[in-house]
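We count ligands from 1, going down the list as the structure has it; atoms in each ligand are counted the same way. Values below: every heavy atom of this structure, side chains too, minus hydrogens, waters and symmetry copies.
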Amino acid sequence: MSEKSLSDLINNPSCLDDYDPNSMPVAQARKYIREFLEPVTTVEVLPIRSTLGRVLAEDILSPCNVPNHDNSAMDGYAFNADDLNSSGETSLNIIGTAFAGKAFDGRIGKGQCVRIMTGAVMPQGADTVVVQERVQVDGEHIRFTDGPKRGMNMRCAGEDLKQGQVVLPAGHLMRAADLGLIASLGLGELRVYRKLRVAFFSTGDELASIGQALEAGQVYDSNRYTLFGMLTRMGVEIIDMGVVRDVPELLEQALKDAAASADVILTSGGVSVGEADFMKQLLEKLGQVVFWKIAMKPGRPLAYGKVGNAHYFGLPGNPVSVMVTFYQFVREALLVLMGQPQPATQPLLDVVCIGEIRKLPGRTEFQRGILFPAENGNWQVKPTGNQGSGILRSMAEANCFIVLDENTGNVAPGNIVKVQILDGLT
Ligand code: AMP
Ligand code: MG
């Protein structure tokens with residue numbers, strides 16, 4: 001299915017509604033890419049800790065009730081609510097003690113109670129706990145007024161999870177709480193999808209590597225380092241293929257090598273108008289790739305397709321554009337390929353912007369912003385300074401994107417804007 005539609009997208013775009021490769025809306029490009037993503041299918045069985053950041057390959061069913069027994073939620077005295085004296089004082093005899101991990105053996109009879117600690121199993125016959133602070137103790141007796149209602153201060157078996165209930169569904173990305181949740185069920189191993197393999201390289205004759213002195217017109221290759229960081233945070237296996245010069249034979253070999261070893265290939269540079277023809281010819285030979293000009297800033301050029309069996313993303317060369325296109329297109333695609341059918345949509349929050357932003361409608365802008373708590377206690381955002389797509393400092397300073405959609409024009413100080421928080425993305 002995907003081979004055919006991908007060639008439709010390249011050769012016969014007029015059959016697609018509103019298809020304009022020279023002004024592709026962000027959401028539309030995401031949607032097209034989504035149609036071609038085929039998740040990995042290989043499954044591994046791993047101990048709980050190693051599943052952090054992996055995607056579950058099957059539903060996890062609870063093998064037991066959690067909690068396993070009715071137990072006390074407080075330190076106090078367990079009794080049966082039939083013994084409550086609703087019009088005055090309730091008085092009970094203490095017949096024993098129940099500790100967490102050491103239950104009281106006997107059964108509570110009429111007029112009796114058991115001293116009970118938080119987490120201890122409720123003694124037979126008891127259905128309510130009165131907290132110790134509300135009780136007067138007198139030797140082997142307790143007295144209290146205004147007793148708790150039946151069932152209070154206890155946790156019922158299965159109130160967290162019932163035996164057989166789906167605890168986490170297949171396709172779920174494992175996070176810290178999930179590790180604990182799985183451990184609370186007594187499960188030691190899980191079936192998860194294998195790690196995704198992502199190969200990447202930087203293209204450009206002007207790129208110098210760290211350790212070399214810069215010659216006139218050269219810049220250090222920074223994209224491979226941001227890509228390393230972003231990919232590592234996503235828990236994929238990375239294959240760093242270094243810098244490849246703008247020489248067709250070298251690029252061709254690098255793409256072939258990448259396709260042979262990786263599920264996904266990322267390149268930076270070489271897809272802008274001046275250079276794209278070169279890459280286009282090459283990619284036509286090796287696979288099926290579309291070149292779009294996305295209606296966004298930064299990050300206008302983007303190439304997407306298949307090289308061999310690998311998914312290919314040709315990212316722009318500018319350092320900020322690389323990060324923005326990664327977060328807006330590649331990240332979600334990787335999550336789908338990792339086995340998550342519906343990656344969570346990143347929240348877009350409304351916040352007052354205290355700076356002025358000049359913007360033309362017609363494209364989506366991802367300005368770099370700093371969210372901070374204002375004196376009135378509300379959070380506000382201000383753009384970092386220079387928003388040039390080569391100014392990587394603007395990304396390093398930022399803790400959010402200010403997302404201005406296609407319909408938005410200039411922003412005046414005090415206007416509400418949408419922000420996407422970088423923590424969580426990164
Ligand atoms: P390109 O998309 O190849 O035309 O590159 C656009 C701009 O990004 C140029 O100024 C390049 O020098 C710069 N650039 C491309 N690749 C890198 C890289 N790996 N690290 C830093 N800057 C880069
Ligand atoms: Mg270049």
Side-chain angles (χ1 to χ4, degrees), residues 21-24 26 29 198-232 238-255 257-258 262 264-283 286 289-305 307 312-330 363 365-368 384 386-398 426:
N22 289 316
S23 180
M24 175 68 67
V26 174
V198 182
F200 59 98
F201 56 88
S202 298
T203 71
D205 286 337
E206 76 283 26
L207 300 180
S209 293
I210 293 172
Q212 296 175 342
L214 279 188
E215 289 174 20
Q218 284 193 324
V219 291
Y220 284 117
D221 168 24
S222 60
N223 291 342
R224 260 170 60 232
Y225 292 83
T226 42
L227 282 171
F228 165 87
M230 294 187 291
L231 290 167
T232 301
I238 58 178
I239 305 167
D240 182 345
M241 298 180 63
V243 173
V244 179
R245 302 281 156 225
D246 292 321
V247 176
E249 293 74 32
L250 298 179
L251 287 166
E252 182 170 345
Q253 195 53 50
L255 286 165
D257 291 347
V264 179
I265 306 169
L266 304 179
T267 61
S268 76
V271 291
S272 56
V273 176
E275 296 182 309
D277 288 346
F278 185 66
M279 282 296 263
K280 263 187 196 157
Q281 279 172 15
L282 200 59
L283 288 161
L286 300 176
V289 177
V290 285
F291 282 71
W292 286 321
K293 290 195 192 91
I294 310 281
M296 71 187 278
K297 189 183 164 192
R300 222 159 101 77
L302 180 76
Y304 167 73
V307 175
Y312 170 75
F313 290 86
L315 307 182
N318 273 309
V320 180
S321 308
V322 167
M323 295 195 78
V324 173
T325 47
F326 182 92
Y327 287 133
Q328 301 308 321
F329 299 105
V330 181
R363 66 184 180 203
E365 286 200 17
F366 298 90
Q367 297 239 339
R368 276 71 70 209
T384 60
N386 191 329
Q387 297 284 323
S389 59
I391 313 274
L392 199 49
R393 188 171 49 80
S394 71
M395 265 315 290
E397 278 176 13
T426 54

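Of the options Gly204, Ala208, Ser202, Gly317, the smallest heavy-atom separation from atom 2 (O) of ligand 1 is shown by Gly317.
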Criterion side chain to side chain donor-acceptor pair (under 3.5 Å) on Glu397 and Ser394, from CA distance to verdict: CA-CA 5 Å; Glu397 278 176 13; Ser394 71; over 6 Å; no

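Under 4.0 Å from ligand 1, not a single heavy atom of Val271 appears. Of the heavy atoms in Arg224, none comes closer than 4.0 Å to ligand 1. Heavy atoms of Ser222 found under 4.0 angstrom from ligand 1 belong to the backbone as well as the side chain.
For ligand 1, the polar-atom distance check finds an N/O of Gly270 within less than 3.5 Å of one of the ligand's N/O atoms. Every N/O-N/O distance between Pro316 and ligand 1 stays at or above 3.5 Å.
Scanning all protein heavy atoms for the shortest distance to atom 19 (N) of ligand 1 gives Asp221 OD1, 2.7 Å. With hydrogens left out, the protein atom closest to atom 9 (C) of ligand 1 is Glu206 OE2, 4.0 Å, a heavy atom. Among protein heavy atoms, the minimum distance from atom 6 (C) of ligand 1 is reached at Asn318 N, 3.8 Å. Nearest non-hydrogen protein atom to atom 3 (O) of ligand 1 is Glu275 OE1, 2.7 Å. Of the protein's non-hydrogen atoms, the one nearest atom 22 (N) of ligand 1 is Pro319 CG, 3.8 Å. With hydrogens left out, the protein atom closest to atom 17 (C) of ligand 1 is Asn223 ND2, 3.2 Å, a heavy atom.
Below 4.0 Å from some heavy atom of Tyr220 lie the following atoms of ligand 1, by number and element: 20 (N), 21 (C).
Nearest heavy-atom pair across Pro301 and Val271 is CB-O, 3.4 Å. What you find for Leu231 and Phe326 is that their closest heavy atoms are CD2-CE1, 3.7 Å. Of all the heavy atoms in Ser268 and Asn223, the pair that sits closest is OG-ND2, 3.1 Å.
Under the 3.5 Å distance criterion, with hydrogens and angles disregarded, no donor-acceptor pair is assigned to the side chains of Asp277 and Gln281. A donor-acceptor contact closer than 3.5 angstrom links the side chains of Asp221 and Ser202.
Ring-plane geometry between Phe313 and Tyr304 is classed as tilted, the angle between the planes lying from 30 to 60 degrees on a 0 to 90 degree scale.
The Mg ion (ligand 2) has no N, O or S atom of Asp246 under 2.8 Å away, backbone or side chain.
A cation-pi arrangement is present between Lys280 and Phe291 under the rule of less than 6.0 angstrom and at most 45 degrees off the ring axis.
A 6.0 Å sphere centred on OH of Tyr220 holds more than 12 heavy atoms belonging to other residues, nucleotides or ligands.
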